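This is a predicted model, so every value here is computed, not measured. Residue numbers start at 1 and run along the sequence shown. Because only heavy atoms are used, hydrogens play no part in the values below, and waters and symmetry mates are left out as well, while side chains stay in.
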Amino acid sequence: MKKNNFKSIIIILLAINIITSCSNKDDDTNEKEDPISNNDPLVYVGQTTNDRLTDNEERFYKDKIPNKELVATLNGNCNPLDSGILNNEIESLSNDGGGVIRIPKGNYCLRDIILRSNIHLKIDPEAIIEPDLSGNIKNKNITIFVVGEDFYLENVSITNLDEDNTDRSTWFQFNIPNGEYGGVKLVEFGNVKNFKLSGITLTDSFSKFSNIVLNLPASSKTNEVSTKGVIKNVFMTNMHVGYGVIQMQTGRSILCKNISGEGGITMRVETGAAKTNMLNEKTVDDIVVRDITVKNGDAAMNFSPHRVDQGRVDVERVIATNSTHAVQIAAGFLDNNTNGVNNLGTFDSKSYIGDVTVTGGYGAQVKGKDYKYFSCDKRKELIEKCYNPDDESVTGTSISAVRNNASSNADCANGSDGGCYEIIIGRITKTNEDFELNDFFTYPSSEIKGCPKVKKPEEGNCN
């Protein structure tokens with residue numbers, strides 16, 4: 001009898017242990033899991049996690065703009081008076097409670113259009129907008145749409161007429177010609193809440209500055225940044241390797257989706273503007289990125305937290321074709337701002353990037369700092385090439401899927417090597433093997449050493 005009781009107790013204890021183990025496993029569903037083994041040389045399975053940022057648009061933007069609508073009375077034909085006319089109509093309608101201003105088909109040259117609360121600019125797909133280059137613009141920086149630079153505003157939208165249509169033929173057009181200006185931005189967001197930007201096709205001329213910028217406002221206060229917004233349905237070409245489509249210095253609860261670029265870096269979450277790194281105060285958090293592509297560029301996605309410990313960024317569905325990398329994950333570091341906070345900078349460890357598809361090949365914009373990952377013969381060819389129209393890159397072959405110097409896998413050590421951090425990297429798929437490196441990742445240790453020094457030819461003697 002005692003034997004039977006003892007056996008019963010053992011069975012009960014084992015059952016309790018199994019139930020407890022299952023319960024603990026359920027409690028840990030938000031924890032990231034280690035990579036699953038995989039034999040396919042073109043697939044990196046990566047890590048998985050259930051702790052993800054959601055991407056439903058309603059979480060980021062709600063249309064609160066009144067239905068009242070008027071058509072802008074612009075002259076067109078690149079008349080320099082149009083900026084003043086549009087600014088007056090925006091201010092008048094905003095003061096009257098707000099509404100929609102339609103910009104009809106035509107050619108418009110605009111500059112310093114100051115958005116105000118409760119205003120929706122709807123732009124015809126046959127409207128072509130360019131920067132107003134009249135007057136003395138030599139070495140001056142030009143912004144077309146200014147959103148929250150000098151004062152707070154809310155409920156603002158700049159879109160095509162059919163604002164949620166993903167067909168590029170319905171999007172409005174913006175061109176940046178060559179000129180003596182310093183740089184051009186299509187739109188700069190500052191102290192604004194509840195905003196939307198969509199339906200844009202932009203042809204650049206390898207000009208300086210990213211075309212959509214989120215930055216500190218004139219007050220430089222880190223609690224006055226762009227909050228709750230959607231940026232979607234954007235396609236830009238002829239981008240400078242050092243810039244790109246979106247540059248996010250600041251932003252909280254922002255959704256960016258269906259963003260495509262040819263050249264440059266499509267989405268830069270790089271917080272290096274001088275006044276964002278004066279204090280170690282988070283300026284970027286709850287950033288969701290979906291369906292982002294690059295072709296013949298540097299990368300689709302860039303993480304770079306100059307000096308500041310930033311928040312979470314969640315990226316999914318990345319496509320890179322004939323570009324240097326698909327993703328860049330840069331360690332934090334002390335930049336050239338001598339007055340900046342004495343901190344290296346990181347991103348939240350719950351940040352995620354996954355479902356990356358990368359096609360290697362010739363056509364990438366390769367910068368000088370990446371020559372070291374090429375064989376000696378190819379490096380010599382790159383050095384002796386003429387620069388691309390951006391005067392900074394040369395055309396070469398894709399290196400790998402991800403460049404990462406922030407991870408322990410890259411032998412990152414806090415200090416002289418930079419601010420180390422880990423983000424969750426999910427599945428990566430290569431569609432071919434046309435890459436300089438065989439690995440999925442480019443690390444500092446991937447450098448090809450022992451190559452003879454080659455001097456860049458003088459202008460006119462390059463290949």
(request) Quick one: do Arg252 and Asp286 satisfy salt bridge (charged side-chain N to carboxylate O under 4.0 Å, His left out)? Show the steps, please. (result) CA-CA 6 Å; Arg252 294 190 178 96; Asp286 189 18; over 6 Å; no
(message) Less than 4.5 Å apart, side chain to side chain, heavy atoms only: is that true for Arg116 and Leu93?
(response) no
(message) Take a 6.0 Å sphere around CG of Asn463 and say whether it holds more than 12 heavy atoms from other residues, nucleotides or ligands.
(response) yes
(request) Taking the six-membered ring of Tyr352 (Phe, Tyr or Trp), confirm whether the NZ or CZ of Arg52 is under 6.0 Å from its centre and within 45° of its axis. (result) yes
(request) List the atom of Phe303, the atom of Phe347, and the distance in Å for their closest heavy-atom pair. (result) CB-CE1, 3.8 Å
(message) For Lys122, is there an ion pair with Glu69 - N to carboxylate O distance below 4.0 angstrom?
(response) no
(request) Among His325, His240, Gln328, find the residue that satisfies the side chain to side chain donor-acceptor pair (under 3.5 Å) test when tested with Asp298. (result) Gln328
(request) Taking the side chain as every heavy atom from C-beta outward, state whether Ile212 and Met236 have any pair of such atoms under 4.5 Å apart. (result) yes
(message) So, taking the atom named CG in Asn409 and the one named SG in Cys420, what distance separates them when rounded to the nearest 0.5 Å?
(response) 11.5 Å
(message) Can you tell whether the side chains of Asp55 and Arg290 come within less than 4.0 Å, N to carboxylate O?
(response) yes
(message) I need the Gln249 CD to Thr271 OG1 distance, nearest 0.5 Å.
(response) 6.5 Å
(request) Flag the pair Ile129 / Ile123 as yes when at least one side-chain heavy-atom distance between them is below 4.5 Å, and no otherwise. (result) yes
(request) Step by step, work out the side-chain hydrogen bond (donor to acceptor under 3.5 Å, both in side chains) result for Thr395 and Gln365. (result) CA-CA 5 Å; Thr395 303; Gln365 290 174 319; over 6 Å; no
(request) Just do the side chain to side chain contact (heavy atoms under 4.5 Å, CB included) check on Leu255 and Tyr61 with the steps written out, would you? (result) CA-CA 9 Å; Leu255 171 64; Tyr61 173 78; over 6 Å; no
(request) In plain terms, say whether Arg111 and Asp82 are close enough for a salt bridge, that is, a side-chain N and a carboxylate O under 4.0 Å apart. (result) no
(request) Sequence neighbours left out, what pairs pass salt bridge (Lys or Arg N to Asp or Glu O under 4.0 Å) with at least one residue falling in residues 135-153? (result) none
(message) I need the minimum non-hydrogen distance between Ile176 and Val184, along with the two atoms involved.
(response) CD1-CG1, 3.8 Å
(request) Count the heavy atoms belonging to other residues, nucleotides or ligands that lie under 6.0 Å from NZ of Lys385, then report whether that count exceeds 12. (result) yes
(message) Is it the case that atom CG in Asn56 sees more than 12 heavy atoms from other parts of the structure closer than 6.0 Å?
(response) yes
(message) Let's go through Thr293 and Ser260 carefully: what are the C-alpha distance in whole Å and the side-chain angles of both, what is the deciding distance for side-chain hydrogen bond (donor to acceptor under 3.5 Å, both in side chains) to 0.1 Å, and is it a yes or a no?
(response) CA-CA 5 Å; Thr293 70; Ser260 298; 2.8 Å; yes
(request) Supply the atom-to-atom distance Ile103 CD1 to Glu89 CD, rounded to the nearest 0.5 angstrom. (result) 9.0 Å
(message) With heavy-atom distances below 4.5 Å as the criterion, would you say the side chains of Ser398 and Lys430 are in contact?
(response) no
(message) Rounded at 0.5 Å granularity, tell me how far CD1 in Ile113 sits from OH in Tyr108.
(response) 12.0 Å
(request) Would you indicate whether the side-chain heavy atoms of Asn238 and Ser205 approach each other to under 4.5 Å? (result) no
(message) Can you classify the ring geometry of Tyr243 versus Phe209 as parallel (below 30°), tilted (30 to 60°) or perpendicular (above 60°)?
(response) perpendicular
(request) Give the minimum heavy-atom separation between Val308 and Asn277, together with the two atoms involved. (result) CG2-CA, 3.9 Å
(request) Decide whether a cation-pi geometry holds between Lys193 and Tyr152; the criteria are a distance under 6.0 Å from NZ or CZ to the six-membered ring centre and an angle within 45° of the ring axis. (result) no
(request) State, yes or no, whether a side-chain contact exists between Leu214 and Val225 at a heavy-atom distance under 4.5 Å. (result) no
(message) Distance alone, cut at 3.5 Å: any donor-acceptor contact between the side chains of Asn233 and Ser198?
(response) no
(message) Given Val402, which partner from the list Ile329, Val358, Asp439, Thr442 fulfils the side-chain contact (heavy atoms from CB on, under 4.5 Å) test?
(response) Ile329
(request) Determine, stepwise, if the pair Thr346 / Asp309 fulfils side-chain hydrogen bond (donor to acceptor under 3.5 Å, both in side chains). (result) CA-CA 5 Å; Thr346 62; Asp309 297 323; 3.0 Å; yes
(message) Just verifying a value: how many Å separate Asn77 CG and Asn107 CG, rounded to the nearest 0.5 Å?
(response) 6.5 Å
(message) Salt bridge check, Lys232 against Asp164: does any charged N sit closer than 4.0 Å to a carboxylate O?
(response) yes
(message) Just by distance, no angles: are the side chains of Asn165 and Asn160 close enough, under 3.5 Å, to form a donor-acceptor pair?
(response) no
(message) Would you say that Tyr181 contacts Leu133 through its side chain, given a criterion of any heavy-atom pair below 4.5 Å between the two side chains?
(response) yes
(message) Do the side chains of Asp370 and Arg403 get close enough for a salt bridge, i.e. N-O under 4.0 angstrom?
(response) yes
(message) If you apply the rule side chain to side chain contact (heavy atoms under 4.5 Å, CB included), what do you find for Asp204 with Asn211, and how did you get there?
(response) CA-CA 9 Å; Asp204 206 328; Asn211 285 299; 3.2 Å; yes
(message) Would you say that Val327 contacts Ile353 through its side chain, given a criterion of any heavy-atom pair below 4.5 Å between the two side chains?
(response) yes
(message) Using a strict threshold of under 4.0 Å (side-chain N to carboxylate O), is an ion pair present between Asp96 and Lys68?
(response) yes
(request) Assess whether side chain to side chain contact (heavy atoms under 4.5 Å, CB included) is satisfied between Ile128 and Lys105, documenting all intermediate values. (result) CA-CA 7 Å; Ile128 299 175; Lys105 68 178 182 179; over 6 Å; no
(request) Give the minimum heavy-atom separation between Gly297 and Ser323, together with the two atoms involved. (result) N-OG, 3.0 Å
(request) Measure the spacing between CG of Leu186 and CG of Leu197 and express it to the nearest 0.5 Å. (result) 6.5 Å
(message) Could you tell me if Lys228 sits above the aromatic ring of Phe195, with its cationic atom closer than 6.0 Å to the ring centre and no more than 45 degrees from the axis?
(response) no
(message) Under the criterion side-chain hydrogen bond (donor to acceptor under 3.5 Å, both in side chains), I'd like the reasoning laid out for Thr237 against Glu262: C-alpha separation, chi angles, the key distance, then a yes or no.
(response) CA-CA 5 Å; Thr237 63; Glu262 292 185 357; 5.3 Å; no
(message) Using a strict threshold of under 4.0 Å (side-chain N to carboxylate O), is an ion pair present between Asp291 and Lys257?
(response) no
(message) Would you say the rings of Phe441 and Tyr44 are close, in the sense that their centroids are separated by under 6.0 Å?
(response) yes
(request) Identify the two heavy atoms, one from Met239 and one from Gly263, that lie closest to each other, and give their separation to 0.1 Å. (result) CB-O, 3.2 Å
